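Below: the structure, in structure tokens.
Residue numbers start from 1 in every chain, and the chains themselves are labelled A, B, ... in the order their sequence lines are given, proteins ahead of strands. All values below were derived from every heavy atom in this structure, side-chain atoms included, with hydrogens, water molecules and symmetry-related copies excluded. Note that the coordinates shown come from a computational prediction; the quantities given were computed from them, not determined experimentally.
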There are 2 protein chains.
Amino acid sequence: MAAEIRSPRARYREQTRAEIKEIALRHMAEGGAQGVALTRIAKEVGLSGPALYRYFSSRDDLLNDLVRDAYDDVAAAVGRVGADAQAGPRLALRALGGAYLDWAVAQPHRYLLIQGSPVPGYAAPPDTAQRARAVMGPFVKVFAQGEATGAVRPVVAEMEGWVRKDPAVADWLHAYTGLAADDAHAGTALAGTVLAWSQLHGTASLEVSGQYSGMGHQAGTLLNAQLDMLAEAFGLR
Amino acid sequence: MAAEIRSPRARYREQTRAEIKEIALRHMAEGGAQGVALTRIAKEVGLSGPALYRYFSSRDDLLNDLVRDAYDDVAAAVGRVGADAQAGPRLALRALGGAYLDWAVAQPHRYLLIQGSPVPGYAAPPDTAQRARAVMGPFVKVFAQGEATGAVRPVVAEMEGWVRKDPAVADWLHAYTGLAADDAHAGTALAGTVLAWSQLHGTASLEVSGQYSGMGHQAGTLLNAQLDMLAEAFGLR
DNA sequence: ACTACTTCGTTAGGCATCGTAACTCTCGAG
DNA sequence: CTCGAGAGTTACGATGCCTAACGAAGTAGT
């Protein structure tokens with residue numbers, strides 16, 4: 001958004017990078033993350049092998065970029081829904097979860113890329129945690145309106161410790177809720193979010209990797225049941 | 001267990017296969033599934049490259065074997081706990097979940113191997129579904145004692161359809177509970193199991209792939225909270 | 001407009017990896 | 001004791017990642 005025009009060279013560079021990523025995504029869609037081979041991409045973009053290294057310093061660098069994009073993309077999908085949460089927290093939770101799951105189902109390979117199960121040799125980029133938090137941000141906002149009950153309490157306690165120790169988390173919490181790290185609702189908001197994250201990931205992951213295939217599976221049904229249990233436990237209506 | 005003695009040649013063969021798998025596991029522990037390179041294994045076992053193809057027809061074949069072993073191993077770990085479920089279904093559920101999670105945490109690479117996020121090119125072996133069911137068997141038994149309430153009902157309805165369509169599932173259900181496919185509790189048992197599976201997988205997966213790192217994470221706390229919610233929804237005590 | 005510098009791209013090559021082919025050697029079953 | 005199956009070997013080919021060394025083209029300063 002910042003620099004629109006730039007030098008023609010830089011423009012061309014950006015364009016080529018985008019084209020490479022686009023092709024990489026297509027290859028990934030048919031053949032998994034391992035199907036992303038620099039040589040093939042190069043051929044398709046009309047370059048010869050090593051030329052790609054002008055645009056990405058390594059294969060992992062390219063994959064990292066795809067990971068970043070994917071995170072941003074889910075975050076956007078979830079955030080879009082999060083904006084109009086007028087119907088009460090319970091329904092908002094369903095909507096958010098639905099958006100997450102829908103994204104995962106629509107883009108299985110990208111979800112697999114994100115979901116931690118690392119491709120070959122590669123270690124997740126360091127800013128992963130931050131981007132993951134961005135995805136879950138709207139959930140924090142929802143759970144900040146809750147009150148933890150029963151079995152969920154121990155989780156809240158742990159989260160209170162967490163938010164006090166990790167300033168990045170405190171910032172995150174504050175950005176989406178306005179709450180301070182030592183607020184009474186801080187732990188609740190985080191606990192709900194992490195629990196929701198875990199459930200989302202479980203359901204999305206099994207669905208995407210095809211483990212539900214065979215059952216007349218509606219992953220959405222599963223997820224809704226889980227999120228409703230969560231809403232119950234956090235007194236969300 | 002069947003043939004103990006066999007011909008010396010077959011004995012040697014089995015022994016070598018086992019040694020190869022053992023080394024492969026060690027390599028996987030340090031370097032992920034992609035760290036399993038035939039050449040290196042061969043060198044370590046004292047053979048030269050292509051000799052390994054006498055024992056495994058391809059790299060995927062080897063990995064498939066590791067996957068199978070891993071499934072059997074989790075199933076054993078979970079089943080061991082499932083045996084002595086005297087303390088009531090709720091605690092049994094916790095114990096089962098704990099065993100699953102503990103196994104995953106103790107053997108992260110093997111869990112990652114299983115959990116669907118496929119290594120490079122490779123497709124899961126066909127008997128995967130059956131082995132996965134074996135892991136979850138004890139859960140079916142627990143949830144067969146439950147009564148679905150509230151938000152979980154729609155899942156039950158879907159599962160009833162599933163068990164009627166898929167004979168393998170009906171067999172599975174019957175083997176662990178004695179229930180018939182059209183029994184009133186069939187759907188309940190399956191619904192609870194699948195929900196539990198999803199939660200287990202979500203928590204274990206995030207934990208194993210290190211996404212919880214930083215928070216004073218006790219994955220067990222998370223899991224217990226989730227399983228308790230489930231127990232609540234299914235009226236387990 | 002001319003020169004100097006940066007960027008882009010090429011070919012050649014190194015290295016690791018999976019996997020096949022063709023050939024030898026050694027067991028062990030009959 | 002023989003001879004065939006199984007175990008191993010070396011040689012080779014195909015990909016794939018990546019570096020090195022060089023040439024071509026655009027960019028910028030004067």
For this session: Report yes if a side-chain nitrogen or oxygen of B/Arg13 is closer than 4.0 Å to either non-bridging phosphate oxygen (OP1 or OP2) of D/dA7; otherwise report no.
Result: yes

Let me know the distance between [atom1] of [X] and [atom2] of [N], rounded to the nearest Å.
| X | N | atom1 | atom2 | value |
| --- | --- | --- | --- | --- |
| B/Leu52 | D/dT10 | CG | P | 14 Å |
| B/Arg17 | D/dA7 | CZ | P | 11 Å |
| A/Ile41 | D/dT15 | CD1 | P | 17 Å |
| A/Lys43 | D/dT15 | NZ | C1' | 10 Å |
| B/Arg11 | D/dG6 | CZ | P | 19 Å |
| A/Ile20 | D/dC17 | CD1 | P | 13 Å |

For this session: Would you sort out whether B/Gln115 and A/Gln115 count as a side-chain contact (heavy atoms from CB on, under 4.5 Å), showing the intermediate values?
Result: CA-CA 11 Å; B/Gln115 71 144 34; A/Gln115 71 146 34; 3.1 Å; yes

Problem set entry | Residues A/Arg68 and A/Asp72 bridged, charged N to O under 4.0 Å | no

Problem set entry | B/Arg17/B/Asp65 salt bridge by N-O under 4.0 Å criterion | yes

For this session: Say whether, by atom type as modelled, one donor and one acceptor occur between the side chain of B/Arg94 and the main chain of B/Leu223 under 3.5 angstrom.
Result: no

Seminar exercise, completed: Contact string for nucleotides 9-21 of chain C, one letter per nucleotide 5' to 3', B = base within protein heavy-atom range under 4.0 Å, S = sugar-phosphate only, - = neither, reads BBBB-----SBB-

Problem set entry | Under 4.0 Å protein heavy-atom contacts per nucleotide of nucleotides 24-29 of chain D, with B for base, S for backbone only and - for none | -BBS--

Exercise. Is any side-chain heavy atom of B/Leu38 less than 4.5 Å from a side-chain heavy atom of B/Leu62?
Worked result: yes

What heavy-atom pair brings [X] and [Y] nearest, and what distance separates the two atoms?
| X | Y | answer |
| --- | --- | --- |
| A/Ala92 | A/Val142 | CB-CG2, 4.1 Å |
| B/Val78 | B/Leu96 | O-CD2, 3.6 Å |
| A/Trp172 | A/Ala134 | NE1-N, 4.3 Å |

